[in-house]
Amino acid sequence: MTDANASAALYGRIVSLLIEVGKLTETQAKYALRVQSKIKSEKSLLEIIRELAYISDEEIRQVLQEKSPHLRIGDFLVEMGIIRSRDLTLALDLQAKEGHTRKLGEVLVAHNLIEERALIRVLSLQLGFPFIEPDQLKIDPALFSRGSVKAYEQHFFIPVRMEASKVLVAFADPLDKRDIDAAIRAMHLPVIPAIATKPSIKAAIEHLNPQHAAGHALSETSESVVQIVDTIIIEAIQATDVSDIHIEPLSDRLRVRFRLDGVMVLHRDYPLALAPSLTSRIKVLCKADIAERRRHQGGRILFDHEGHPTDIRVSFYATVKGEKIVLRLLNRKTELLDIDQIGMSRRVMHQFREDALDRPSGVIMITGPTGSGKTTTVYSCINHLNTMETSIITAEDPVEYIIDGIGQCSIDPKINLTYEDSLRHIVRQDPDIIVIGEIRDAFSAEVAVQAALTGHKVLTTFHTEDSIGGLLRLLNMDIDAFLISSTVVCVVAQRLLRRVCAHCAQPYTLTATDLLRIGIDLSQLEGATFRKGLGCDHCRYTGYRKRVAVFEVLVLNEAVRDGLIQRKTSHQIRRICTETTGLVTLFEDGLYKAARGITTIDEIMRCLPRFQKPRPLGDLERLMGK
Ligand SMILES: [Zn+2]
């Protein structure tokens, strides 16, 4: 092995190149190597060197462009810290499995290991090729007509402009010699290669295609826009855990993202030029005003796919960059969960049923932010209570599941069926159980409390952080503390956390940082088996698949009621609740579920409020039952 090779094997190609050209000393590299082994991080050596400020990004860029070393794209990405080495191993495996039909870059993009634009940016950094977004309006048609559309489409390139006596050509892959040769043949001139995204090259070719100029432009474009919109919606429907589609104009592209298991993920980028026709198409579908672009609008689509209609609520929001569109897929969960399957631990569920749900009267509130699974819990409760002997009536905005045997009302202000009006009429329906979709103001809170005072059981939802916050907010709505304390029997706070993907789960050992973040000692986590997903085909390489609910169930007792009447501070009430009611906080339930490998520490840190240190796992097991 030569010296250069040995150095590359030890430090990586880029770092050893930096030493070779004198931008970095061997001592610095060795020091960084020691730091790397000490912090046990997945960071590459070069990332650590950059963090130690031994060299600037600009200097690295200069060296790479002057020396243009022959690096493999995968090694380059790992050294630059763009992807982790395990992602590279994974992508190389996938590429081999596919029989090497695709380039590594394409495999990385296809499996969400890197964003296409990020890949192109680093490629342009690595190779020194300019990164351009072909703007179809600025491309000279005469230059475009020098080559054939067939060649452009086959080799994914497009001429952009003349520079001196050469043609600047945007390639999807400027590394491919065949593509470069094809461009030289087509242009009959020397070319300066640049990089652009595949979709933007495709869009520019389509736009400039002489067939369009011949008069077919309108129909062809509108046809493809119809297809694009359909495809986006169908892909969202087929990925069963997508709740929303976001279509947003950025300064240089139209970005489409999905909310998958509660987290935004990039779906695809489109050229910005598509935005107006795509927006118009969605407006046609949901019967919104096509001419209106500067005001917010809403609409609804009943989208039929293979005989299954999906109800979609659409919102157009006028932003400074154009209209941002959000499509919410409604009625997605047709399954109604049995109360025992919603995810409460055994003892907590027992307490919830005995002391709250099965009591004859009182208000039960389910709280949490949008998308925390409140509706599912409410429907499971209704389903549990729905017997021949009880009369159940609801006012919902809108009805999301239809349950046979109960009187459900879907609010519709368009026909003057308002929330207030429904709540005024609801008690006259001789109900045993009243479901008030949401406490949104003092009026609906008043209705709930009054109904409970007259002997009804009331189920409702509320937007608050946690259970105690729900009580305190009611107090702030100018409802007498005595009325609240004598009617509210239980407040359930909940969240949905992502579940570790069963297909790629691996045991995970907590780091010192993890323990610090949780605020607990390792000795207090005895018996825990934490897990983390490595990422696989089943989970779109996120390591997570589907979700699990975590709960905080506060059943009010005398001590809490007294605290409310005496108007104690939230801090004092919180202490009374944990000390006297057996309350397990959201964070503790999350930790308990993470300790069983169902979710991760990252998820509980990301999603759950934390007001106090969690109790040791042993105590939690005692409170919740194994
Ligand atoms: Zn997986």
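Ligands are counted one by one from 1 in listed order, and the atoms in each one are counted from 1 as well. Keep in mind the model is a prediction, meaning the values are calculated, not measured.
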Within less than 2.8 Å of the Zn ion (ligand 1), any N, O or S from H503? no

Compute both the distance and the angle, then confirm whether K324 meets the cation-pi test with Y317: under 6.0 Å from the six-membered ring centre, within 45 degrees of the axis. no

Once rounded to 10°, what is the value of the angle centred on the Zn ion (ligand 1) between C504 SG and C501 SG? 110°

Under 2.8 Å from the Zn ion (ligand 1), is there any N, O or S atom belonging to H538? no

Between E323 and T279, do the side chains contain an N or O donor and an N or O acceptor separated by less than 3.5 Å? no

Does a donor on one side chain sit under 3.5 Å from an acceptor on the other, for Y508 and T529? no

With a 4.5 Å cut-off on side-chain heavy atoms, are R498 and V263 touching? yes

Metal-centred angle, SG of C536 through the Zn ion (ligand 1) to SG of C539, rounded to 10 degrees: 110°

